[in-house]
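No hydrogens, no waters, no symmetry mates; every other heavy atom, side chains included, goes into these values. As the structure lists them, so they are numbered: ligands from 1, and atoms in each ligand from 1.
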Amino acid sequence: MKLIQNYINGQFVRGRREFTDVNPADGSVIAQVTEADQSLVDDAVGSARNAFQGEWGKLGVRERAARLHKVADAIKARFDSFVRAEVADTGKPIALASRLDIPRAAANFRAFADAIKMAGLESCQTETPSGKTALNYAVRKPLGVVGIITPWNLPLLLLTWKVAPALACGNTVVVKPSEETPATATLLGEVMQEAGIPNGVYNVVHGFGPDSAGEYLTQHPDVNAVTFTGESRTGAAIMKAVAPSVKPVSFELGGKNAAIAFADCDFEETVNGISEAVFLNTGQVCLCAERVYVQRPIFDRFVDALRRKAETLRPGDPMDVNTDLGPLISAQHRDKVISYYNLARTEGATVVTGGGIPKFGSVLDDGFYIQPTIYTGLPESARCIKEEIFGPVCHVAPFDDEEQAVAMANDTKYGLAASIWTTNLKRGHRVAQSMNVGITWVNCWFLRDLRTPFGGVGLSGIGREGGTHSLNFYSELNNVCVRL
Ligand code: NAD
Ligand code: 6OD
């Protein structure tokens with residue numbers, strides 16, 4: 001049986017306890033994972049501190065950026081191994097891992113290597129009322145050791161989205177990937193060695209959250225900042241854990257995102273776009289639309305078209321290039337999603353399609369598959385409309401005018417993303433700007449430019465990452481004022 005180990009100071013290190021890594025497509029055990037206890041987390045943080053004070057901390061920006069490009073090259077060179085490991089851990093279709101997850105991991109390193117090279121200094125020329133003059137400029141300094149905690153839905157993409165800017169800014173990191181998906185973070189350790197990243201700059205500790213590696217890392221007094229992607233409730237627990245040592249945090253949390261389709265939309269483009277926004281990665285993307293609002297004149301036609309689209313999506317073996325839908329991540333997560341499918345019925349929903357578990361007549365029946373599901377007819381106060389489900393499911397509701405659509409979309413404690421579908425340019429801008437979220441797409445969804453601010457409001461997070469926003473989080477500014 002394969003053993004996935006912690007990666008500390010350039011060495012693969014065994015812990016005292018182990019847990020299993022399960023393939024969600026058929027429930028088989030892929031590997032044993034060795035858990036980091038408090039003393040291994042101490043070792044990882046200590047090795048990151050030494051590396052920060054050693055060669056890495058002294059490297060100039062040009063050399064750091066060059067090595068991050070080498071990391072991207074090394075990911076590309078091992079593309080197939082990364083894809084296979086990600087597919088086995090998550091059950092996501094190989095076509096998706098090959099076009100999204102692994103290319104984005106390499107792109108993250110290139111984008112932040114280039115961003116740090118291009119970053120200028122903030123400066124201003126000062127004149128005081130009494131006639132003194134000065135030059136102010138702010139120099140960028142790394143924070144030190146950054147703790148990075150990530151979820152299972154886009155494991156390598158989301159991990160490297162934080163590792164790349166943290167290293168670009170000159171920090172060292174200890175990462176705690178999700179217990180469900182430990183493989184690619186570990187493989188990245190090998191890549192770091194090949195790319196000439198010094199030992200201790202990138203460390204991986206495996207385990208769970210409470211009373212395990214996650215909590216040990218966030219509470220650690222020698223960790224200078226914590227960046228986290230995951231559930232809003234976990235974010236709240238981490239906030240408590242970091243409070244005594246007043247660490248800066250960046251939180252990318254859950255969502256209950258709305259898609260709004262106006263009657264003047266390009267109908268086919270909108271059905272295809274919203275279908276992707278609901279069902280990509282079996283609905284396990286924080287940006288997925290679980291609430292769809294459609295203007296009344298096209299409501300019935302839209303619901304029927306979305307149903308037909310959902311019914312053409314092929315669930316199946318994630319290694320088959322024709323598979324559209326993989327399983328959910330775990331039996332436990334499927335139980336949660338099924339409990340919402342049942343709740344929707346008790347709350348009065350009409351099931352347009354789905355609502356159950358598909359049957360394959362093969363080993364896939366031991367996997368954690370679920371049908372793509374569409375509901376209508378729920379009141380906006382229903383729990384299924386208010387709570388994040390994180391599965392291949394949406395509720396479609398009609399609206400009459402722009403004002404009502406905006407009010408319905410904004411009636412949530414979350415505020416991550418929205419998509420607006422219309423051919424009226426002015427309306428597109430107007431509605432997009434009135435969304436109470438961090439990211440709004442018009443006539444598209446999950447179209448990314450890594451320089452743009454990314455994050456959420458309310459329960460969806462604290463802070464923004466992306467481009468200079470990431471550079472600002474992963475560095476401290478020291479303003480120098482020189483009297484002229
Ligand atoms: P999760 O919060 O359960 O776990 C995320 C990570 O936190 C895991 O590594 C886990 O081990 C760790 N963890 C759990 N409890 C902890 C604790 N007390 N202290 C320290 N670490 C702890 O989330 P998940 O189920 O892995 O991921 C799904 C969630 O993530 C969804 O809510 C989704 O919306 C959200 N998400 C948000 C974004 C975003 O960019 N906003 C991106 C992806 C996923
Ligand atoms: O594209 C990104 O940078 C990003 N952080 C995506 C998050 C997706 C959530 O599941």
Side-chain angles (χ1 to χ4, degrees), residues 19 33 35-36 41 90 92 100-101 103-105 107-108 111-112 147-162 164-165 175-182 185 204-220 223 226-242 249-257 280-281 283-288 290 328-330 332-333 336-337 387-391 414-417 437-439 445-467 469-470:
F19 58 95
V33 188
E35 187 178 349
V41 173
T90 58
K92 68 177 64 205
L100 174 68
D101 297 72
R104 248 306 289 280
N108 286 337
F112 289 107
I148 298 180
I149 300 188
T150 49
W152 44 258
N153 61 327
L154 305 167
L156 191 68
L157 185 161
L158 292 172
L159 182 106
T160 53
W161 171 242
K162 292 174 180 297
V175 307
K176 210 295 285 168
S178 169
E179 55 274 30
E180 308 281 3
T181 53
V204 185
V205 291
H206 290 297
F208 304 85
D211 294 321
S212 184
E215 198 171 271
Y216 304 148
L217 185 59
T218 55
Q219 288 181 343
H220 204 289
V223 167
V226 170
T227 176
F228 167 73
T229 304
E231 273 195 40
S232 305
R233 248 177 321 186
T234 313
I238 292 178
M239 207 155 181
K240 263 193 186 160
V242 302
V249 289
S250 172
F251 285 169
E252 298 180 340
L253 308 177
K256 188 73 184 176
N257 311 303
L280 189 82
N281 205 35
Q284 301 167 118
V285 178
C286 58
L287 309 160
C288 276
E290 292 190 1
L328 294 176
I329 189 67
S330 63
Q332 192 192 12
H333 187 52
K336 174 186 154 185
V337 177
E387 298 171 15
E388 182 186 50
I389 301 172
F390 218 54
Y414 290 97
L416 186 57
V437 297
I439 310 142
W445 174 78
F446 204 1
L447 195 165
R448 296 282 289 115
D449 180 325
L450 307 188
R451 296 167 299 183
T452 58
F454 187 97
V457 308
L459 285 186
S460 293
I462 297 181
R464 294 290 180 274
E465 297 199 33
H469 301 274
S470 296

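- In F228, the part holding a heavy atom less than 4.0 Å from any atom of ligand 1 is the side chain.
- Here T229 has no heavy atoms under 4.0 Å from ligand 2, in either its backbone or its side chain.
- Numbered from 1 in the order shown, with element, the atoms of ligand 1 that lie under 4.0 Å from a heavy atom of F454 read 40 (O).
- For ligand 1, the atoms sitting less than 4.0 Å from at least one non-hydrogen atom of L416 are 41 (N), numbered in the order shown with element in parentheses.
- Summarising the contacts of atom 8 (C) of ligand 2 with A111, P151, C286, G254, the nearest heavy atom is found in C286.
- The nearest heavy-atom contact from the protein to atom 2 (C) of ligand 2 is R448 NE, 3.2 Å.
- Under a 4.0 Å heavy-atom criterion, G461 is not in contact with ligand 1.
- Considering F390, W161, W152, F208 only, the shortest heavy-atom separation from atom 26 (O) of ligand 1 involves W152.
- For atom 15 (N) of ligand 1, the closest non-hydrogen atom of the protein is T234 CG2, 3.2 Å.
- Near L158, meaning under 4.0 Å from one of its heavy atoms, ligand 1 places the atoms 42 (C), 43 (C).
- Remark: ligand 1 atoms within the under-4.0 Å shell around heavy atoms of K176 are 8 (C), 9 (O), 10 (C), 11 (O).
- For ligand 1, the atoms sitting less than 4.0 Å from at least one non-hydrogen atom of N153 are 43 (C), 44 (C), numbered in the order shown with element in parentheses.
- Protein heavy atom at the shortest distance from atom 23 (O) of ligand 1 is E231 N, 3.4 Å.
- Ranked by closest heavy atom to atom 37 (C) of ligand 1, the top entry among V285, L253, L154 is L253.
- Proximity of a side-chain donor or acceptor of K176 to a complementary backbone N or O of G207 within less than 3.5 Å is detected.
- Closest to atom 30 (O) of ligand 1 by heavy atom, among G230, G214, G254, is G230.
- For the pair G456 and ligand 1, no heavy-atom separation below 4.0 Å is found.
- With a 4.0 Å heavy-atom cut-off, ligand 1 is reached by no atom of L217.
- Here the side chain of E290 pairs a donor or acceptor atom with the backbone of F390 at under 3.5 angstrom.
- In this pair, F228 and F251 present their aromatic rings perpendicular. The plane angle is above 60°, beyond the 30 to 60° band.
- Ligand 1 lies less than 4.0 angstrom from a heavy atom belonging to P177.
- Taking the side chain as every heavy atom from C-beta outward, K256 and I389 approach each other to under 4.5 Å.
- Looking from atom 6 (C) of ligand 1 to the surrounding protein, the closest heavy atom is T150 O, 3.4 Å.
- No donor-acceptor pair closer than 3.5 Å links the side chain of R464 to the backbone N or O of S470.
- Residue F454 holds the heavy atom nearest to atom 5 (N) of ligand 2 of all those in F446, F390, F454.
- With a heavy-atom cut-off of 4.0 Å, E179 touches ligand 1 through its side chain alone.
- At a distance under 4.0 Å, no protein heavy atom can be found next to atom 4 (O) of ligand 1.
- Distances below 4.0 Å separate heavy atoms of N153 from the following atoms of ligand 2: 9 (C), 10 (O).
- For ligand 1, one of its N or O atoms has an N or O atom of E388 under 3.5 Å away.
- By the criterion of a heavy-atom distance under 4.0 Å, neither the backbone nor the side chain of L450 is placed next to ligand 2.
- Heavy-atom distances between F251 and ligand 1 stay at or above 4.0 Å for every pair.
- Between F454 and R448, the closest side-chain pair of non-hydrogen atoms falls below 4.5 Å.
- The shortest N or O to N or O distance between R104 and ligand 2 is under 3.5 Å.
- The contact set between ligand 1 and I149, taken as ligand atoms under 4.0 Å from a residue heavy atom, comprises 6 (C), 7 (O), 9 (O), 12 (C), 20 (C), 21 (N).
- With ligand atoms numbered from 1 in the order given, ligand 1 contributes 19 (N), 20 (C) to contacts under 4.0 Å with heavy atoms of E215.
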* Asked: Going through the distances and angles, do E465 and T227 end up as a side-chain hydrogen bond (donor to acceptor under 3.5 Å, both in side chains)?
  -> CA-CA 10 Å; E465 297 199 33; T227 176; 2.9 Å; yes
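- In the vicinity of E252, heavy-atom distances shorter than 4.0 Å reach the ligand 1 atoms 37 (C), 38 (C), 39 (C), 40 (O), 41 (N).
- When the heavy-atom distances from atom 42 (C) of ligand 1 to I439, L287, T229 are ranked, the shortest goes to T229.
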